[in-house]
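Here the structure is laid out as structure tokens; the discussion comes afterwards.
We count ligands from 1, going down the list as the structure has it; atoms in each ligand are counted the same way. Values below: all heavy atoms of this structure, side chains included; hydrogens, waters and symmetry mates excluded.
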Amino acid sequence: MFDTSTLSSVGALSEALGITPKYLLIGLASCVGLALLSCKFVAATSNRPASPQTLGDPIPGLYNTLQFMFNNYKFMTRAQAALQGSRHSILRFSLGPKTVYLVTGQQNVHAVFGRDLVHDVTNQEQMTRYALPTLYKMNPAEVRRWEADLSGVTKAPIPGTEHVPSHQRLWYNYEHIYAEYLGKPQYMKPLVKRYDDILQQVLNSYPVGEWSTVSVQKLCRDEVTRTLVDTLFGPRLMELSPDFVDRLWAFDEQVFQLVMGLPKWLNSKPAKAHDAYVGPIERWLEVVSAGFDWDAAEAESDWEPRFGGRAVRQLYRWMKETDWRNEVIAATLGALVFAIPTTMWMLMEIIKDPSLLQAIREEVATATTTDPDSGKPVLDHQKLVALPLLQSIWTETLRLRINFNIVHDVKRPVNLDNGRTKIERGALLQVPMMVAHYDETVWGAADHPASEFWAERHIRYAIGERKFVMAGHPAAYFPFGGGANICPGRQLAKHEIFTTVALIVSRFELEVLGWTNPVNGAPSDRAAQSDLRYCGAGAMPPDRDLRIRWKRTC
Ligand code: HEM
């Protein structure tokens, strides 16, 4: 039990850390073990030389750990400040008993994602410790299978593991099937076509010539999400569970807490939301797999109504062949990242600025043809994803709104910082997007600081023609991660999001009504900003909604 003095010191500490007391209490309970270990660790390592830069810890072993976990934005701002003006681009701190190296600088980022270190610096320990038992619901025996697969993630197995049968190579197949069936153009194109068709049907439910009021967040969380789910999984999932999309968003709210692995008795909400989300996927799998003929042509088709697109079907097939339980398959498929916050941001940025909206309409028209039979407009997706202004807005949105700390374990000692920093085995490397994506020296322009959205940041004009040219170095921009684990859905996401924007701007007249608070719908006197609670965890959604009036024109 806490007495009042404990609560007031919790209050003071929470204020200093910028964490709400509730989270601090949960954090204190869960971190106490880590912190004790960490104090021992700090004592053992305090004689180290001051290279690389070390981030001070006001309460050794505790403050940094808590702030990192519960107010990542403040932590990263401190880290940025510590690195500024320092001759180092690597910052060391402790997270519980672990030594963490925050890796910044283009050369270092390039090295961490590069082929040379692919077997030395991996995400596998993070996966087996955090993602597989929580997000993918694997039991200890199932996790041990992954731990036992030492054959690596690349096509060629790590020397000495060539005896592992190829379909039993868990790390390799997991990456490979995603990369193949989500990323390769011949498999991705049918998914994009399906997405376009379904979204058109959804938008056609708004009668031509009639004004109606919609909100951008609600539209994306509802209609656009349904379109995405139908594209990947087919229509049966939502027919069997009409409230599936509500369950998805309820789970989305809890996912960060879930992956933190807090015990259920401390906070049961994340596990409950997870079960409520995975349950319908498991039931759907039972229904669609029953009697499915794996030797028939439909098993190889680009899209069929049971499993939907080929990626999900291929994953299911491999997982069954390698004896995954249905619950684990359902949880793994359910973890497919959805691209919704990026869609919300792009729509908001375009719709709120009438001259940008007009420029995008004109650009989209150049990627639209007319169907000779129906006379209806048809998007040329290949042209669409190459449009310069749309690409600039996409790049700018991802740069500012995707904020993820990519974490890798060091399996063998590595040298970074031009050989000046030796990283020991067992340490953690964190590659934060926030430092690279907001770097003023890379992205800043006169009158347009790096922290600000500027639609034309990645546009150059050559003889009056608009061209897309990324304003900064590619190694300072990695919203999809990098190296062996780079997001396999990145091209699909780009195609789907561009299609959504193009269909909306070209078929609707749009008028802004105002910003609202999505929690209670009340009017807001300011535009949306990134929801900083999501800093370090993925996409930062807008903290305000945009209410608009729209009228379908064709
Ligand atoms: C704007 C949209 C998206 C962004 C910014 C994004 C970003 C990311 C990032 C940062 C990672 C982690 C990479 C790493 O650990 O190095 C990731 C992984 C992943 N993404 Fe995406 N993603 C997006 C959309 C999608 C879509 C639409 C799909 C599929 C339908 C998808 C499927 C995946 C999968 C399966 C992984 C895990 C790969 C693995 O575990 O190795 N993503 N994504």
Side-chain angles (χ1 to χ4, degrees), residues 103 109 112-114 117-118 121-128 130-132 135-136 146 152-154 170-184 187-188 191-192 194-195 220 224-225 227-233 248 255 259 308-312 314-315 319 331-346 385 393-409 429-434 436-437 477-501 534 536-541:
V103 177
V109 173
V112 171
F113 291 149
L117 300 185
V118 68
V121 172
T122 80
N123 74 349
Q124 293 177 1
E125 222 176 299
Q126 297 302 307
M127 289 283 284
T128 52
Y130 302 107
L132 302 187
L135 207 54
Y136 298 178
W146 286 72
V153 76
T154 50
L170 301 176
W171 299 106
Y172 168 66
N173 278 295
Y174 175 75
E175 299 292 343
H176 171 68
I177 296 174
Y178 275 132
E180 183 84 1
Y181 295 103
L182 287 175
K184 276 218 170 144
Y187 302 121
M188 188 193 61
L191 288 177
V192 176
R194 170 93 194 157
Y195 182 86
C220 293
V224 177
T225 307
T227 307
L228 272 170
V229 173
D230 191 325
T231 302
L232 283 173
F233 296 93
L248 183 155
V255 70
V259 178
R310 190 151 179 177
V312 166
Q314 291 294 144
L315 275 164
M319 289 167 179
T332 309
L333 294 177
L336 281 178
V337 183
F338 296 125
I340 298 299
T342 310
T343 315
M344 288 176 189
W345 276 117
M346 282 189 69
V385 294
I393 295 171
W394 161 251
T395 307
E396 197 63 351
T397 305
L398 295 177
R399 182 181 74 78
L400 287 172
R401 313 300 181 191
I402 304 298
N403 191 328
F404 187 58
N405 296 329
I406 291 173
V407 186
H408 287 309
D409 290 271
L429 294 186
Q430 291 245 358
V431 191
M433 292 179 189
M434 189 171 146
H437 288 192
Y477 175 77
F478 42 92
F480 297 106
N485 307 110
I486 193 166
C487 171
R490 59 197 184 283
Q491 284 303 333
L492 180 63
K494 184 179 182 189
H495 279 74
E496 286 172 341
I497 295 172
F498 280 35
T499 301
T500 309
V501 171
Y534 291 78
M540 295 189 291

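- If you number the atoms of ligand 1 from 1 as listed, the ones under 4.0 Å from a heavy atom of Tyr178 come out as 35 (C).
- With sequence neighbours left out, Glu175 forms a side chain to side chain donor-acceptor pair (under 3.5 Å) with Asn485.
- Put simply, the side chain of Met127 reaches to within 4.5 Å of the side chain of Trp171, judged on heavy atoms.
- For atom 21 (Fe) of ligand 1, the nearest non-hydrogen atom from the set Ala131, Gly309, Gly483, Cys487 belongs to Cys487.
- Close contacts of ligand 1 with Thr342, meaning ligand atoms under 4.0 Å from a residue heavy atom, involve 1 (C).
- Annotation for ligand 1: atoms under 4.0 Å from non-hydrogen atoms of Ala493 are 2 (C), 24 (C), 27 (C).
- Per-residue contacts place Tyr174 under 4.0 angstrom from the following atoms of ligand 1 (heavy atoms of the residue considered): 39 (C), 40 (O).
- Atoms of ligand 1 lying under 4.0 Å from at least one heavy atom of Pro479, given by number and element, are 5 (C), 7 (C), 10 (C).
- Using a 4.5 Å heavy-atom cutoff, the side chains of Leu429 and Val121 are in contact.
- Ring orientation note: the planes of Phe480 and Trp394 are tilted relative to one another, at an angle of 30° to 60°.
- Contact atoms of ligand 1 toward Phe404: 10 (C), 12 (C) (distance under 4.0 Å to a heavy atom of the residue).
- Residues satisfying the side chain to side chain contact (heavy atoms under 4.5 Å, CB included) criterion with Asp409, sequence neighbours excluded, are Lys98, Glu125, Gln126, Leu428.
- In Asn485, the parts holding a heavy atom less than 4.0 Å from any atom of ligand 1 are both the side chain and the backbone.
- Counting heavy atoms from C-beta outward, Trp345 and Leu400 have side chains that stay 4.5 Å or more apart.
- Under the 4.0 angstrom criterion for non-hydrogen atoms, Leu182 is in contact with ligand 1.
- Note on ligand 1: Phe113 sits outside its first shell, no heavy atom being nearer than 4.0 Å.
- By the 3.5 Å distance cut-off applied to N or O atoms, Glu175 is counted among the residues near ligand 1.
- Within the listing of ligand 1, atoms 2 (C) sit less than 4.0 angstrom from a heavy atom of Ala339.
- With hydrogens and angles disregarded, no donor-acceptor distance shorter than 3.5 Å links the side chain of His437 to the backbone of Glu396.
- Side-chain atoms of Leu182 and Tyr187, non-hydrogen and from C-beta on, never get closer than 4.5 Å to each other.
- Of the candidates Gly538, Ala311, Pro488, Gly489, it is Pro488 that places a heavy atom closest to atom 19 (C) of ligand 1.
- Ring geometry for Tyr174 against Tyr178 counts as perpendicular: the plane angle is over 60°, on a 0 to 90° scale with 30° as the lower cut.
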